[in-house]
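Since the model is a prediction, treat every value here as computed from it, not as a measurement. Quick note on labels: first sequence line is chain A, next is B, and so on, each numbered from 1.
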Protein chains: 2
Amino acid sequence: MSTATQRAGQESGPWVDHALEQLSEAGYRRGGSRTRVVEMLGEQDCAITPLELDDRLDGVGRATVYRAIEQLEELGLVQRIDLGGDSAAYEKVDPRGHHHHHLVCNRCGRVIPFEDEDLEKAIHSLSTRDGFSIQSHEITLRGICADCS
Amino acid sequence: MSTATQRAGQESGPWVDHALEQLSEAGYRRGGSRTRVVEMLGEQDCAITPLELDDRLDGVGRATVYRAIEQLEELGLVQRIDLGGDSAAYEKVDPRGHHHHHLVCNRCGRVIPFEDEDLEKAIHSLSTRDGFSIQSHEITLRGICADCS
DNA sequence: TGAATAAATAAGAATGATTCTCATTTTATC
DNA sequence: GATAAAATGAGAATCATTCTTATTTATTCA
């Protein structure tokens with residue numbers, strides 16, 4: 001049960017620290033519940049829905065989860081990801097720019113994260129379009145996963 | 001009022017015909033309301049939400065709009081697009097593969113469609129990942145539009 | 001052409017995610 | 001420690017989406 005939490009020094013720590021610091025700088029006071037939301041988001045390797053977060057955080061109100069996500073999104077610390085389900089999901093944004101995108105299986109709904117350097121390059125090479133300054137991007141590929149085909 | 005409908009021979013026609021044909025081949029009977037939904041989708045140059053469709057189609061029940069979209073999506077004739085609002089939007093899928101992606105302004109919410117050949121190439125060059133066969137893709141860029149900056 | 005059959009539909013109820021409200025608890029400041 | 005303002009939990013309210021059901025309409029076939 002604690003295996004996932006204990007996987008050798010990963011990246012959740014740094015992001016959590018960074019996020020809490022940014023919240024503080026933005027003028028938000030410390031809040032126990034919000035901190036727990038941030039920590040839980042920091043533990044995830046991929047996107048998670050607000051309701052899942054609420055489920056896993058006993059004693060934290062649902063409204064607080066939604067509020068925390070809203071503030072984090074406002075500061076660019078999490079990114080909303082549409083995976084096609086009933087609700088949106090959110091994922092931490094690495095301050096160093098390292099990130100992944102998603103493959104979604106149209107049959108079983110499975111979500112598989114992937115990275116691709118060429119794709120990132122293609123995105124970055126169009127960083128301005130029609131005077132539009134790009135801050136973030138989201139790519140979702142849909143199809144049939146190996147298990148389903 | 002009829003200007004939009006009358007804009008010189010565009011692409012709505014072909015898509016509408018194709019969609020109605022596909023629905024028919026899939027075993028669906030003709031339905032006046034569904035046909036109106038298909039025609040309205042065919043007129044759009046970009047994504048539209050189910051509720052907007054329902055608003056514009058007097059006499060067509062909301063459930064019918066949702067059902068039609070569901071069937072069209074099932075057949076790959078429309079694609080769901082997440083533009084960050086309260087509801088998802090849908091857009092016709094060109095049978096010839098021609099399509100665009102979206103820039104969304106984080107400040108005013110404006111949605112600007114764009115096309116980029118290099119990006120398409122980068123996507124196509126990874127058409128199989130981990131045994132995953134890709135059927136469609138969606139790219140959304142977020143930032144600040146020219147008017148807002 | 002005129003039943004018979006089953007799909008399509010409209011209207012509104014039901015559901016479920018998200019947002020809002022407000023009384024209470026914490027945090028930061030002094 | 002006392003005060004002012006933000007953070008929070010609980011539950012109500014809202015809004016998109018789905019479901020239900022009675023009715024209408026499309027197709028089939030005599």
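- Between B:His99 and B:His137, the distance from one ring center to the other falls under 6.0 angstrom.
- Residue A:Glu74 qualifies as open at atom CD: its count of foreign heavy atoms under 6.0 Å is 12 or below.
- Looking only at side-chain heavy atoms (C-beta outward), A:His102 and A:Glu91 come within less than 4.5 Å of each other.
- Under the 4.5 Å side-chain criterion, counting only non-hydrogen atoms from C-beta, A:Val38 is in contact with A:Leu23.
- With hydrogens and angles ignored, the 3.5 Å screen pairs no side-chain donor or acceptor of B:Glu120 with any backbone N or O of B:Glu115.
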Sugar-phosphate means primed atoms, P, OP1 and OP2; the rest is base. With that split, encode nucleotides 4-17 of chain C 5' to 3' as B, S or - using protein heavy atoms under 4.0 Å.
-> --BSSBBBB----S

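- In the hydrophobic clustering (ILVMFWY side chains linked at under 4.5 Å, chained through shared members), A:Tyr66 is joined by A:Leu51.
- No side-chain donor-acceptor contact under 3.5 Å links A:Lys92 to the backbone of A:Trp15.
- Contact footprint of chain B on DNA chain D: nucleotides with an atom under 4.0 Å from a non-hydrogen protein atom, first to last in 5' to 3' order, D:dA16 to D:dT27.
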Enumerate, atom names and distances included, each donor-acceptor pair closer than 3.5 Å involving a side-chain atom of residues 27-36 of chain B, sequence neighbours excluded.
residue : atom : partner : partner atom : Å
B:Arg34 : NH1  : B:Gln71 : OE1          : 2.7
B:Arg34 : NH2  : B:Arg29 : O            : 2.5
B:Thr35 : OG1  : B:Gly31 : O            : 2.9
B:Arg36 : NH1  : B:Asp58 : O            : 3.0
B:Arg36 : NH2  : B:Asp58 : O            : 3.3

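- Axis angle between the ends of the helix from C:dT1-D:dA30 to C:dC30-D:dG1, five pairs each and rounded to 10 degrees, works out to 40°.
- Annotation for B:Tyr90 and B:Pro50: closest pair CE1-CG, 3.9 Å, computed over non-hydrogen atoms.
- Partners of A:Arg67 by salt bridge (Lys or Arg N to Asp or Glu O under 4.0 Å), not counting sequence neighbours: none found.
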